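Nothing here was measured: the structure is a model prediction, and the numbers come from that model. Whatever order the structure lists them in is the order used to number ligands and atoms, beginning at 1.
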Amino acid sequence: MADVRLWGYKIYRICGALILVLQLSYVGLGLRCYCNQCPQMSDLPSNSCMARPNSKCFTAVTINYLEDETTESWDYGCLGDDESTLLQCKGDLVPHHVPKTIACCDSGDDCNWELTPKVVERSTTPVPEYEVPKKYENITHIALLISVTVCFVILIITVTFVYLRYRKRELEREQILEEAENETFIGTGETLHDLIEQSQSSGSGSGLPLLVQRTIAKQIHLIKSIGKGRYGEVWKGKWRGENVAVKIFFTTEEQSWFRETELYQTVLLRHDNILGFIAADIKGTGSWTQLFLITDYHENGSLYDYLKLHTLDTHEMLLLCHSASCGISHLHTEIFGTRGKPAIAHRDIKTKNILVKKNGTCCIADLGLAVRYISESSEVDIAPNTRSGTKRYMAPEVLEDRVNKNHFDAYKQADMYAFGLVVWEVARRCIIGGIAEDHALPYFDCLHSDPSFEDVRKIVCVEQIRPAIPNRWISDPYMKILTKVMIECWSPNPAARLTSLRVKKTLGKMLESIELHTKLSSQS
Ligand code: ADP
Ligand code: MG
């Protein structure tokens with residue numbers, strides 16, 4: 001038994017020795033590396049480790065970036081045998097952009113002692129920003145420019161829109177206020193005829209109240225120019241759908257505007273054969289003023305225009321002449337009483353200042369040169385303007401400057417001279433024996449279109465020429481009387497001329513006669 005125990009002890013000792021030899025041979029085959037954090041291996045010298053077969057020694061440097069300093073710590077040791085650890089060794093060739101870098105070796109024991117891995121310090125300068133390529137840079141600029149432009153346009157559109165809305169509201173507000181203001185003076189649906197009727201019966205008899213006139217003037221729309229005179233331009237206009245004539249005076253003609261306006265508003269002047277006055281207004285400030293005179297509109301225009309276009313029968317001729325004489329007669333006649341009318345002389349009677357109404361009668365227009373006779377003081381109220389009458393129609397005493405300016409009858413007589421010439425102009429267009437003369441101005445055969453004062457004086461005063469009377473006129477009973485009327489009107493002696501009242505009566509009788517004659521002949 002003791003022998004068995006002895007042999008067992010011997011075998012145990014032998015196996016132990018074998019294991020040790022095997023252990024030692026195994027260790028003897030590996031690579032020894034220097035290490036500072038060594039694994040527990042009792043049979044190796046201190047600071048040494050054994051690398052696995054085919055493995056390597058390593059040296060690792062760790063960089064610690066602290067807030068105010070950077071430190072390095074060095075580690076040495078043996079690598080494991082897996083590929084991943086080997087890969088780290090490539091830091092030797094390709095430096096790692098990491099704080100830790102490892103270099104490896106297998107050239108001999110403790111080969112890592114002298115290894116110095118490449119340490120790439122973390123750049124303290126910031127990593128450069130991504131650089132936009134040049135071609136993209138241009139596109140960026142364009143895109144930016146477009147965006148800014150679009151934003152700007154949108155901004156402008158918005159501002160304009162807001163402003164226009166604001167203006168529209170303001171205008172609407174103003175319009176409402178204006179309408180409300182206007183309504184105060186003129187009710188809706190009231191016509192010019194209504195307004196004038198009212199003012200005639202309840203007012204002073206001199207025209208519409210001033211505020212009504214201003215309101216009408218403000219509401220007028222000008223349509224087209226219908227005539228030009230020496231003192232302004234006449235327009236066709238509309239007031240609430242009704243036609244009106246608007247005479248717009250040149251800015252320099254304020255005195256003419258004032259005079260004409262004043263005369264049209266003479267008490268009791270309103271008459272069928274005097275142009276119907278509606279309103280007058282003066283607008284503007286400083287150097288720029290607009291002077292309006294609003295009257296009835298007559299689409300036939302002036303007697304001058306009418307005669308150029310139309311020939312007449314005897315009745316039409318007498319209607320024109322008689323109505324014109326009625327107008328002049330009304331002007332010339334003084335109406336006595338507390339609300340009386342002064343006598344007025346026109347001083348510029350001519351076919352261009354007489355208008356033809358739709359019914360074939362005339363009305364006297366253009367009172368810009370008229371004078372009034374103030375009977376209480378026996379004074380002639382002459383216009384302060386420098387305007388003078390039309391030379392062609394001037395009476396001989398006016399041409400010779402023989403008129404006593406304080407003698408009112410002289411002005412009426414001069415009107416009658418001019419009226420004689422008007423009757424002649426009308427008579428020429430009357431068809432007698434199937435023939436009518438062409439329209440012509442008086443003295444057309446001896447004066448040119450714009451004669452001088454002296455030219456006219458020579459013909460009218462010195463040579464005492466008067467318009468020619470065709471023989472045919474004498475053979476017609478009506479024309480014979482009419483010729484007598486015109487000759488008596490243009491007499492060189494002012495006192496011998498017919499008065500407007502006389503002419504009115506004579507022509508009135510002739511008209512009555514022809515109307516009776518027409519009536520009788522239509523009955524038989
Ligand atoms: P001026 O003072 O400048 O001579 P007028 O009052 O004589 O102005 O008008 C000039 C012309 O305008 C007239 O000859 C006529 O042809 C036209 N006219 C004036 N008033 C009217 C009116 N109410 N209706 C139609 N035409 C008119
Ligand atoms: Mg005129």
Colleague: Out of Gln219, Lys218, Gln213, which residue meets the side chain to side chain contact (heavy atoms under 4.5 Å, CB included) rule with Thr215?
Modeller: Gln219
Colleague: Of all the atoms in ligand 1, which lie at a distance below 4.0 Å from a heavy atom belonging to Gly227?
Modeller: 12 (O)
Colleague: Taking 4.0 angstrom as the limit, do Arg259 and Glu254 come out as a salt bridge?
Modeller: no
Colleague: Please give the atom name: the N, O or S atom of Asp366 nearest to the Mg ion (ligand 2).
Modeller: OD2
Colleague: So, is the end of the Lys352 side chain (NZ or CZ) under 6.0 Å from the ring centre of Tyr304 and within 45° of the ring's axis?
Modeller: yes
Colleague: Out of curiosity, Phe444 CZ to His439 NE2, how far, rounded to the nearest 0.5 Å?
Modeller: 10.5 Å
Colleague: Report, in ascending order of atom number, the atoms of ligand 1 lying under 4.0 Å from any heavy atom of Asp305.
Modeller: 16 (O)
Colleague: Would you give the length of the straight line joining atom NE2 of His298 to atom CG of Leu355, rounded to the nearest 0.5 angstrom?
Modeller: 6.0 Å
Colleague: Within ligand 1, which atoms have a heavy atom of Gly232 less than 4.0 Å away?
Modeller: 3 (O)
Colleague: Between the candidates Lys247, His298, Lys228, which shows the shortest non-hydrogen contact distance to atom 25 (C) of ligand 1?
Modeller: His298
Colleague: State the atoms of ligand 1, each with its element, that fall below the 4.0 Å cut-off from a heavy-atom position in Thr295.
Modeller: 23 (N)
Colleague: Which atoms of ligand 1 have any heavy atom of Asp296 under 4.0 Å away?
Modeller: 22 (C), 23 (N)
Colleague: Indicate yes or no: does Asp415 engage Lys412 in a salt bridge with an N to O separation below 4.0 Å.
Modeller: no
Colleague: For ligand 1, which atoms have a heavy atom of Lys352 less than 4.0 angstrom away?
Modeller: 13 (C), 14 (O)
Colleague: Can an N, O or S atom be found in Tyr231 less than 2.8 Å away from the Mg ion (ligand 2)?
Modeller: no
Colleague: Please round to the nearest 0.5 Å and tell me the distance separating atom NE2 of His346 and atom CD1 of Ile274.
Modeller: 9.0 Å
Colleague: Before signing off on this row, confirm whether Tyr297 and ligand 1 have an N or O atom pair separated by under 3.5 Å.
Modeller: no
